[in-house]
2 protein chains.
Amino acid sequence: MKKIEVKKGQILQRKGDVNSKLYRVESGLLRSYSISDKGKEHIYMFAPENWIIADSVAPDEPCDLFIDAIEPSIVWQEDKAQHLAHDVPKLIKRINVLQKRVIMLMCASALERYEHFLATYPDIVQRVPQKMIASYLGITPEALSTVRRKRPQKA
Amino acid sequence: MKKIEVKKGQILQRKGDVNSKLYRVESGLLRSYSISDKGKEHIYMFAPENWIIADSVAPDEPCDLFIDAIEPSIVWQEDKAQHLAHDVPKLIKRINVLQKRVIMLMCASALERYEHFLATYPDIVQRVPQKMIASYLGITPEALSTVRRKRPQKA
DNA sequence: CACACTTCTTAATCTACATTAATGCACCGG
DNA sequence: CCGGTGCATTAATGTAGATTAAGAAGTGTG
């Protein structure tokens, strides 16, 4: 359990690394993402204050995801094995969130996905560039732009 | 821990049920699926012999998914809480699989998803109707039909 | 056996989103 | 102060897959 200061853009984990750590964000903003064969970046999740971010592989297996900092951040580095063993309900919750996301990706339109993103990360919209939101939603920045234009305005 | 005989088409769990059980398939084939607001069915997973299938919610919360039998099956009904507590690595493995699936849904074409399905469930293709495979892939049966036609034939 | 019923396929048309390209802006370093 | 670089937006054109519709083949039921 170690406190780390992370600069904007600094990479904490690369695909292929073996990383037995996870990161609890005290302040700032991290993200995890994959890079496809075709070289496209897809953001898997954002981790603002109090979120935990990690690659969900066994502590001794190579990672699938990159993790880096979108903002300068303070994070606690913890041991995956130790931390997770205690918290089965949290793991189940995580699976449940993923389950919902899979189902959403299978049936929701770009607009619906955007609305869901806003609900999931209410205060992230202002903090990250549009292209990252598009990357999280699995659409292009251009498509996101038109979605935002057409979107029923609330408040 | 109870052995159950399940008829083809029999429903083990409905959306909204509170179900503290999970199911280990001894023989046969189960599936879990959701039904969207628009009434569309999306298969979330298949569970052939030796697989475990359940809704990933806390044992005391209402379920998101339906579970039913595609073939007449013999399943062991077990207690979620009890079973899962023992097996943190299995939970992590599950999260990892979901992580990969989310990423795939974000960037893979219908063809790539179909190939991945074949790799994941090598002996299911013959056992379920095409429309269920399409439902699992998040495409229409018509689209699956053309994918199969165009697909690079192997052996 | 005949009949309804479901599944699978094929083809024509439609649509959401991708791609490409052009423009306007903000930010940054010289 | 100016020119570069990256981001957001808009519009045009392209395309994967949805929708619709029809017919062929299989399956269970009276």
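Because only heavy atoms are used, hydrogens play no part in the values below, and waters and symmetry mates are left out as well, while side chains stay in. In what follows, chains carry the letters A, B, and so on, assigned in the order in which the sequence lines appear, proteins first and then strands, with residues in each chain numbered from 1.
The CE-C1' distance, from B/Met132 to C/dT6, rounds to 12 Å in whole Å. Here D/dT10 presents its C1' atom at 14 Å from CZ of A/Arg148, a figure rounded to the nearest Å. Following rounding to the nearest Å, B/Lys150 (NZ) and D/dA16 (P) show an atom-to-atom distance of 7 Å. Computed from coordinates, the B/Gln130 CD to C/dT10 P distance equals 11 Å when rounded to whole Å. A/Ile139 places its CD1 atom 14 Å from the P atom of C/dA16, with the value rounded to the nearest Å. C/dT7 atom P lies 10 Å from atom CD of B/Glu41, rounded to whole Å. The interatomic distance linking A/Glu142 (CD) with C/dA21 (P) rounds to 12 Å, in whole Å. To the nearest angstrom, C1' of D/dA18 lies 13 Å from CZ of B/Arg113.
Among the heavy atoms of the strands lying under 4.0 Å from B/Ser109 are primed sugar atoms or P, OP1, OP2 only; no base atom is included. A/Pro141 comes within 4.0 angstrom of no nucleic acid atom, judged by non-hydrogen atoms across all strands.
Closest to the side chain of A/Lys40, from the set D/dA18, D/dG17, C/dT19, is C/dT19. Here the nucleotide nearest the side chain of A/Lys131, chosen from D/dT10, C/dC17, D/dC7, is D/dC7. The side chain of B/Arg149 has C/dT10 as its nearest neighbour among D/dA11, C/dT10, C/dC17.
Taking 4.5 Å as the limit, some side-chain heavy atom of B/Asn96 sits within range of a side-chain heavy atom of A/Asp64. A 4.5 Å side-chain heavy-atom check between A/Arg148 and A/Gln130 finds at least one atom pair inside the cut-off.
Phosphate proximity of C/dC17 to A/Thr140: absent, as no side-chain N or O sits under 4.0 Å from OP1 or OP2.
Annotation: cation-pi pair A/Arg101/A/Tyr44 present, NZ/CZ under 6.0 Å from the ring centroid and within 45° of its normal.
The side chain to side chain donor-acceptor pair (under 3.5 Å) test with A/Asp68 singles out one residue from A/Arg14, A/Lys7, A/Lys8, A/Arg31, and that residue is A/Arg31.
Aromatic ring orientation, B/Tyr121 versus B/Tyr136: perpendicular (interplanar angle above 60°, classes split at 30° and 60°).
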